[in-house]
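All remarks here apply to the structure that follows.
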Amino acid sequence: MSTTAAYESLCNQARETAKLASIMGLLEWDERTKMPTAAGEYRAEQISFLAGEIHKRQTTPQIAGWLDELVGSPLAADAHSVEGTVIRQLKRQYDKKTKLPQALVEELSRTSVLGQQMWVEARKADDFAKFQPLLEKTIELKRQEAAAIGYKVTPYDALLDDYEPGATTAEVAAALGGLRDALTPLVEQIVGSSRKPDSELLKRDFPVDAQEAFGKAASAAIGFDFNAGRLDTTDHPFCAGAGPRDQRITTRYNINDFSDAFFSTLHEAGHGLYEQGLPADQFGLPTGEACSLGIHESQSRMWENQVGRSRAFWEHFLPQGQQKFAALKGVSLDQLYGAINEVRQSLIRVDADEVTYNLHVLIRFELERALIENDLQAKDLPAAWNEKYQKYLGITPPNFADGVLQDVHWSAGLFGYFPTYSLGNLYAGQFFATASKELGDLPAAFRKGEFQPLLEWLRKNIHAHGQRWSAGELALNVTGQPLGHGPWIEQMRAKYGELYGL
């Protein structure tokens with residue numbers, strides 16, 4: 001077989017496999033938004049079956065033959081060209097996937113679906129004991145997965161690689177540790193300030209239908225294409241793709257909390273913007289897939305925080321909000337800006353302010369490492385959770401629902417995912433600082449409702465490249481600096497120094 005024919009066969013195989021994966025993604029979206037409760041067990045079987053079929057396609061010996069032909073060929077000479085990226089990344093995927101037993105892949109998928117369903121029930125019932133058996137099973141399966149893949153230092157390395165390819169636990173721990181050390185004194189200064197914004201103005205009556213309309217309008221304004229996506233409700237907000245022009249974002253509404261749905265919607269729209277910005281003609285190939293979860297989170301966190309919590313954003317949107325919500329009539333820009341940026345110790349990660357948010361992530365990173373490394377047992381997780389919250393945030397959850405059961409991730413087997421939220425904040429800080437230098441006065445554009453310049457910059461510099469570079473390489477290429485907490489901390493000090501008179 002010629003090199004060209006081998007490359008075409010490899011790409012065709014990957015594109016067809018992506019069709020199956022997108023079908024599975026649509027079933028997973030439906031399971032968390034529209035599916036009848038009684039259908040849960042069979043849905044787990046459907047997804048398990050599809051996961052098995054996808055795994056078979058990803059590990060067929062034909063791929064090894066094509067890769068043997070291609071790895072040393074001129075097509076792979078430039079590792080960052082389209083062809084070089086496809087060959088390099090599909091070989092990496094093949095080498096990893098062939099280490100995983102078929103039965104383990106199917107059982108992980110089945111348990112993930114059942115785990116999410118049980119999590120919903122357990123959280124509503126505030127009953128950790130109901131959730132514990134499935135959590136224990138999930139942890140054991142993830143340990144088996146790590147052992148099958150292999151690792152040099154810790155099993156967490158093998159799981160982290162699914163989300164931050166090539167990163168190690170030690171590297172992430174160092175990055176987050178540096179962030180924690182720089183963040184702690186800033187939090188202490190803010191909490192100790194005599195200035196206290198009135199966040200109660202966001203706890204008034206905000207009708208759900210008006211919240212939905214306002215959230216969709218803001219998402220469309222920043223560039224989310226609702227002809228290629230939609231917004232629905234769920235128990236825990238997420239973004240799911242069902243194809244190159246089909247991005248599903250979700251949120252949840254609280255009639256007495258404006259921030260809950262609005263910033264979740266902006267966050268998920270940020271994920272959707274990244275997916276909509278990837279090269280559609282490369283769908284199914286590494287050049288048409290996101291670089292890493294840290295880079296993905298940089299997009300969602302940037303639109304949620306650097307844009308959505310900026311004063312300039314609300315100079316544009318407050319008049320519209322006052323037309324939509326009686327609760328905002330008479331609220332000044334200063335009052336609203338202070339309220340949406342209130343810094344306080346809080347229980348719920350997705351509702352946390354952008355300063356203390358990283359402390360929530362650090363807690364989960366430390367706990368899930370301990371679970372995977374067998375230094376913490378599932379039965380002891382609630383006590384360990386409460387201890388960490390007291391240590392990092394000075395508060396103790398009053399129940400399981402607002403404590404150990406608040407996140408969906410562990411029920412879905414997403415161990416290794418949590419640190420990408422804080423990595424995303426750091427990447428977002430660097431990207432936004434660079435975009436601001438290159439584009440000029442971004443706040444002036446936001447005041448006029450002009451978000452396209454920033455979106456186009458992101459699409460050119462980040463979205464268009466898919467997986468051509470690692471996350472660290474991409475950050476270095478775009479910003480000229482390796483990943484660090486400096487730009488993000490500088491932005492937080494400037495913003496909250498002004499708000500809190502520091």
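In what follows, residues are counted from 1 in the order of the sequence shown.
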Is the gap between the ring centers of F446 and F313 under 6.0 Å? no

Students often mix this up, so state it plainly: with edges at 30° and 60°, are the rings of F451 and H316 parallel, tilted or perpendicular? perpendicular

R311/D334 ion pair, N-O < 4.0 Å: yes

For side chain to side chain contact (heavy atoms under 4.5 Å, CB included), just list the numbers for L454 and F432, CA-CA rounded to whole Å, side-chain angles, deciding distance to a tenth of an Å, and then say yes or no. CA-CA 9 Å; L454 176 59; F432 193 76; 4.1 Å; yes

Judged by atom type as modelled, is there a donor-acceptor pair below 3.5 Å linking the side chain of R230 to the main-chain atoms of R248? no

Please report the interatomic distance CD1(I348) to CG(D260), rounded to the nearest 0.5 Å. 9.0 Å

CG (L483) and CG (L474) are apart, to the nearest 0.5 Å, by 11.5 Å

Report yes or no: is the cationic atom of R364 (NZ for Lys, CZ for Arg) under 6.0 Å from the centre of the six-membered ring of Y421, at an angle within 45° of the ring normal? no

Can you tell me if D380 uses its side chain to pair, donor with acceptor, with the backbone of L376 under 3.5 Å? no

More than 12 foreign heavy atoms under 6.0 Å from CD of E41: is that the case here? no

Work out which heavy atom in L359 is nearest to a heavy atom in Y392; give both atom names and the distance. CD1-O, 3.7 Å

For residues R349 and D407, report the shortest heavy-atom separation together with the two atoms involved. NH2-OD1, 3.0 Å

Can you tell me if T420 uses its side chain to pair, donor with acceptor, with the backbone of Y417 under 3.5 Å? yes

Can you give me the closest heavy-atom contact between R252 and H236, atom names plus distance? NH1-CA, 4.0 Å

Look up atom NE2 in H465 and atom OG1 in T287, then write down how far apart they are to the nearest 0.5 Å. 12.5 Å

Quick check: do L502 and S193 have side-chain heavy atoms less than 4.5 Å from each other? yes

Mind telling me whether Y389 and H360 have parallel, tilted or perpendicular rings, with 30° and 60° as the class edges? perpendicular

Between T37 and V120, is a side chain to side chain contact (heavy atoms under 4.5 Å, CB included) present by the stated rule, with each step listed? CA-CA 11 Å; T37 305; V120 171; over 6 Å; no

With a cut-off of 6.0 Å (strictly less than), are more than 12 heavy atoms of other residues, nucleotides or ligands near CD of E490? no

Taking the six-membered ring for Trp and the full ring for Phe, Tyr or His, determine whether the centres of F206 and F262 are under 6.0 Å apart. no

Apply salt bridge (Lys or Arg N to Asp or Glu O under 4.0 Å) to the pair R309 and D353, showing each step before the final yes or no. CA-CA 10 Å; R309 294 184 192 271; D353 59 86; over 6 Å; no

Establish, from distance only, whether the side-chain atoms of S264 and T251 form a donor-acceptor pair under 3.5 Å. no

For a 4.5 angstrom cut-off between non-hydrogen side-chain atoms, does E31 reach Q117? yes

Which value, rounded to the nearest 0.5 Å, describes the distance between N425 atom CG and L176 atom CG? 10.0 Å

Can you confirm whether more than 12 heavy atoms, excluding those of K437, are under 6.0 Å from its NZ atom? no

Decide yes or no for T33 and F238: does some side-chain heavy atom of the first lie under 4.5 Å from some side-chain heavy atom of the second? yes

Less than 3.5 Å apart, any donor N or O on the side chain of E304 or Y357 sitting next to an acceptor on the other? no

Examine distances only and state if a side-chain atom of D126 and a backbone atom of F400 form a donor-acceptor pair shorter than 3.5 Å. yes

Can you name the nearest heavy-atom pair linking Q276 to G223, along with the distance? OE1-O, 4.1 Å

Is atom OH of Y42 surrounded by more than 12 heavy atoms (other residues, nucleotides or ligands) closer than 6.0 Å? no

Begin from the C-alpha positions of M118 and L135 and carry the test side chain to side chain contact (heavy atoms under 4.5 Å, CB included) through to its verdict. CA-CA 10 Å; M118 181 55 72; L135 177 61; over 6 Å; no

Less than 4.5 Å apart, side chain to side chain, heavy atoms only: is that true for K203 and D257? yes

When Q306 is tested against each of R301, Q491, K495 for side-chain hydrogen bond (donor to acceptor under 3.5 Å, both in side chains), which residue passes? Q491

Short question: side chain of K379, backbone of Q132 - any donor-acceptor pair under 3.5 Å? no

Judged by atom type as modelled, is there a donor-acceptor pair below 3.5 Å linking the side chain of S422 to the main-chain atoms of P419? no

Would R123 and D235 count as a salt bridge (Lys or Arg N to Asp or Glu O under 4.0 Å) here? Give the steps. CA-CA 10 Å; R123 187 165 190 259; D235 290 290; over 6 Å; no

Evaluate the criterion side-chain hydrogen bond (donor to acceptor under 3.5 Å, both in side chains) for residue pair Q299 and Y427; output intermediate values, then yes/no. CA-CA 9 Å; Q299 304 305 284; Y427 284 125; over 6 Å; no

A side-chain contact here means heavy atoms from C-beta on lying under 4.5 Å apart; do E315 and Y337 qualify? no

F365 vs V172 side-chain heavy atoms within contact, under 4.5 Å: yes

Matching residue for S300 among E297, H296, M302 - test: side chain to side chain contact (heavy atoms under 4.5 Å, CB included): E297

Residue E387 excluded, over 12 heavy atoms near CD under 6.0 Å: no

Do you know the tightest heavy-atom contact between A269 and S219? CB-OG, 3.7 Å

Carefully, step by step, assess T479 and F431 under the rule side chain to side chain contact (heavy atoms under 4.5 Å, CB included). CA-CA 7 Å; T479 71; F431 292 148; 3.8 Å; yes

Compare all side-chain heavy atoms of Q345 with those of T356 and state whether any distance is below 4.5 angstrom. no

If you round to the nearest 0.5 Å, how far is CG of D198 from CG of L336? 11.0 Å

Heavy-atom donor-acceptor pair, Q322 side chain to V331 backbone, under 3.5 Å: yes

Mark yes or no for whether Q116, through its side chain, and S112, through its backbone, hold a donor-acceptor pair below 3.5 Å. yes

Does the W314 side chain pair with the main chain of G308, one donor and one acceptor, at a distance under 3.5 Å? yes

State, with a plain yes or no, whether a side-chain heavy atom of W469 is found less than 4.5 Å away from one of I295. no

Approximate separation, where rounding is to 0.5 Å, of H409 NE2 and F418 CZ: 4.5 Å

Quick check: does any side chain N or O of K196 sit under 3.5 Å from a backbone N or O of V191, one acting as donor and the other as acceptor? yes

Which heavy atom of C291 sits nearest a heavy atom of S470, and at what distance? SG-C, 3.6 Å

